[in-house]
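Here's the structure we're looking at; comments come further down.
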Amino acid sequence: MAVSGFEGFEKRLELHFFGDIDDDDGNNMLGLRLLDFESLEQVLLAVQCTVVSAVGNPFFDAYVLSESSLFVYPTKIIIKTCGTTQLLKSIPPLIHFANNLGLTLQTCSYTRGNFIFPKSQPFPHTSFQEEVIYIEHNIPNNLCYRKASVMPSKLPAHSWHVFTATLLPPLKSPHHATFTVEVCMTELDRLIARKFFSRDSKTGDLAGRDMTELTGIDTINAGAFICDFAFDPCGYSMNGIDGDRYSTIHVTPEDGFSYASFECVGSVYDDPDDIVETLKKAVRVFMPATVSISSTRCSREVWTKMERALQPLGLKCRSFVMDEFPAAGTISYQTFTAARRK
């Protein structure tokens with residue numbers, strides 16, 4: 001293990017707002033998408049990252065960042081950043097800009113895994129306790145239904161940190177028809193990891209497209225439009241857009257601390273077999289030695305089928321835990337390691 005290197009494990013923040021975003025004719029569902037680029041730049045300046053590529057469709061806007069991704073829907077924002085970014089510093093400006101649009105914060109969710117290099121993290125990410133204190137200080141007091149928890153595993157280096165807050169009591173929370181799955185992979189297959197190093201000094205969109213096709217990332221969801229980017233001297237990010245759904249992949253390929261993540265969203269009414277097959281395809285691209293999967297509002301059928309689906313890839317489920325959170329509902333956390341390992 002390297003003494004220090006680039007931190008692949010992301011921090012993820014999801015904010016949901018409410019307010020009247022229609023005009024008198026019921027049009028103009030843009031909401032947060034009305035935020036101008038200068039405002040988004042101010043938010044990202046606080047986080048310490050920048051936009052490198054962007055694409056949008058009738059449902060949302062997706063930005064590839066210098067450190068991961070940003071998704072802007074009419075009433076929700078998902079921002080996910082790696083490295084030594086200060087993600088939580090985006091909360092005050094995002095709330096401010098949303099309020100200017102007549103929108104009010106309804107729920108806040110923050111998740112992350114264990115950092116590979118925790119001592120390199122700046123404030124407020126020096127510890128989960130510090131992160132929770134910072135969030136609670138910067139969200140409105142009326143988001144009073146709150147919970148912070150570290151979901152453990154049998155692998156010492158892996159646990160899942162979750163904080164959620166909402167202004168709605170549990171029985172009055174709206175039914176969420178969407179699920180989110182976050183997959184974290186470490187110790188990637190070395191031959192595969194090498195494909196994420198830039199060749200002939202090529203970087204940017206074109207080199208990203210080459211990596212997408214060379215590694216088979218474009219086959220994970222063949223129907224998605226992919227916005228991809230290759231970094232110098234190595235590293236890769238992509239956002240996939242498919243209707244109102246996004247998927248995203250980020251890769252840190254350096255030997256000793258290689259890491260890749262895959263995240264996707266979908267409907268709780270989707271066929272569990274389709275969800276599991278998508279996740280299996282994503283893991284197969286990287287052939288990691290260790291995998292953790294966190295799912296929010298996924299069915300029990302998905303959790304159990306994942307165990308069987310990853311076995312042919314040489315991965316064995318080592319631990320499984322689940323917990324209930326305000327606003328988020330049921331969150332599960334599974335860890336897998338190569339079957340040859342104990």
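In what follows, residues are counted from 1 in the order of the sequence shown. Just the heavy atoms: all of them, side chains too, but no hydrogens, waters or symmetry mates, feed the values below.
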Take the angle between the ring planes of Tyr134 and Phe123 and call it parallel below 30°, perpendicular above 60°, tilted in between. perpendicular
Give a yes or no on whether the ring-centroid distance for Phe231 and Phe229 is below 6.0 angstrom. yes
Could you check whether any side-chain heavy atom of Phe325 comes within less than 4.5 Å of a side-chain heavy atom of Phe163, counting everything from C-beta outward? no
Given the rule in the side-chain contact (heavy atoms from CB on, under 4.5 Å) test, do Cys264 and Tyr246 qualify, once you have shown the distances and angles that lead to the verdict? CA-CA 6 Å; Cys264 66; Tyr246 72 84; over 6 Å; no
May I ask you to check whether over 12 heavy atoms, not counting those of Leu206, lie within 6.0 Å of atom CG? no
Restricting to non-hydrogen atoms, name the atom on Val72 and the atom on Tyr63 that form the minimum distance, rounded to 0.1 Å. CG2-CE1, 4.0 Å
Please examine the side chains of His96 and Asn100, heavy atoms only from C-beta on, and report whether any two atoms are closer than 4.5 Å. yes
Phe286 and Phe196 aromatic ring geometry - parallel, tilted or perpendicular at 30°/60° bounds: parallel
Would you say Leu32 and Leu167 are hydrophobically clustered, going by side-chain heavy atoms of ILVMFWY under 4.5 Å? yes
More than 12 heavy atoms from other groups under 6.0 Å of CD on Glu213: yes
Tell me which pairs pass salt bridge (charged side-chain N to carboxylate O under 4.0 Å, His left out) where either residue lies in residues 74-98, with sequence neighbours left out. Lys80-Glu263
Checking salt bridge (charged side-chain N to carboxylate O under 4.0 Å, His left out) for the pair Asp323/Lys147: CA distance, chi angles, key distance, verdict? CA-CA 11 Å; Asp323 202 352; Lys147 182 173 179 176; 2.9 Å; yes
Does any donor atom in the side chain of Asn239 or Ser69 lie under 3.5 Å from an acceptor atom in the other side chain? yes
CG-CG distance between Leu94 and Leu13, expressed to the nearest 0.5 angstrom: 7.0 Å
Hydrophobic clusters here meaning ILVMFWY residues chained together by side-chain heavy-atom distances under 4.5 Å, can you tell me if Val276 and Leu310 are in one? yes
Would Leu214 and Ile226 show up in the same hydrophobic cluster when neighbours are defined by side-chain heavy atoms closer than 4.5 Å? no
Applying the 4.5 Å side-chain criterion to the ILVMFWY set and letting contacts propagate, would Leu143 and Phe18 be lumped into a single cluster? yes
Would you say the side-chain atoms of Ser68 pair up with the backbone N or O of Val64, donor to acceptor, closer than 3.5 Å? no
Can we say Arg199 and Asp210 salt-bridge, meaning some charged N sits less than 4.0 Å from an Asp/Glu carboxylate O? no
Member of Thr111, Thr296, Thr248 meeting the side-chain hydrogen bond (donor to acceptor under 3.5 Å, both in side chains) criterion with Glu182: Thr111
Scan residues 29-44 for pairs that pass salt bridge (charged side-chain N to carboxylate O under 4.0 Å, His left out), counting only residues two or more places apart or in two chains. Arg33-Asp61
Rounded to the nearest 0.5 Å, how far does CD1 of Ile79 lie from CG of Leu15? 9.0 Å
Under a 3.5 Å distance rule, please check whether Thr215 uses its side chain to pair with a backbone N or O of Met211 as donor and acceptor. yes
Between Thr335 and Arg318, is any side-chain donor less than 3.5 angstrom from a side-chain acceptor? no
Check for me, please, whether Leu44 and Phe71 land in the same ILVMFWY cluster - side-chain distances under 4.5 Å, paths through other members count. no
Under the salt bridge (Lys or Arg N to Asp or Glu O under 4.0 Å) test, residues paired with Asp189 that sit two or more places apart: none
No-hydrogen, no-angle side-chain donor-acceptor test under 3.5 Å, Thr164 and Ser109: no
Looking at Gly113 and Phe9, what are the two nearest heavy atoms and their distance? CA-CD2, 4.1 Å
Under the 3.5 angstrom rule, does the side chain of Ser153 hit a backbone N or O of His158 as a donor-acceptor pair? yes
Side chains of Glu10 and Thr81: is there a donor and an acceptor less than 3.5 Å apart? no
Enumerate the residue pairs fulfilling side-chain hydrogen bond (donor to acceptor under 3.5 Å, both in side chains) with a member in residues 270-280, sequence neighbours excluded, ordered by first and then second residue. Arg245-Asp270, Asp273-Lys305
Residues which pass side chain to side chain contact (heavy atoms under 4.5 Å, CB included) with Phe225, listed by chain and number, not counting sequence neighbours: Val55
Is the backbone of Leu87 close enough, under 3.5 Å, to the side chain of Thr85 for a donor and an acceptor to pair up by distance? no
Consider only side-chain N and O atoms of His250 and Ser237, and report whether a donor and an acceptor are under 3.5 Å apart. yes
Could you check whether any side-chain N or O of Thr337 sits under 3.5 Å from a backbone N or O of Thr290, counting only pairs where one atom can act as donor and the other as acceptor? no
Which label fits Tyr73 and Phe60: parallel for a plane angle under 30°, tilted from 30 to 60°, or perpendicular past 60°? parallel
Assign the ring pair Trp303 / Phe320 to parallel, tilted or perpendicular, where the plane angle (0 to 90°) is split at 30° and 60°. tilted
Does Lys316, at its NZ atom, have more than 12 non-hydrogen atoms belonging to other residues, nucleotides or ligands within less than 6.0 Å? no
Just by distance, with hydrogens left out, do Ser159 and Asn114 show a side-chain donor and acceptor under 3.5 Å apart? yes
Considering only residues two or more places apart or on different chains, which pairs with a residue in residues 117-137 satisfy salt bridge (charged side-chain N to carboxylate O under 4.0 Å, His left out)? Arg112-Glu131, Glu136-Arg146
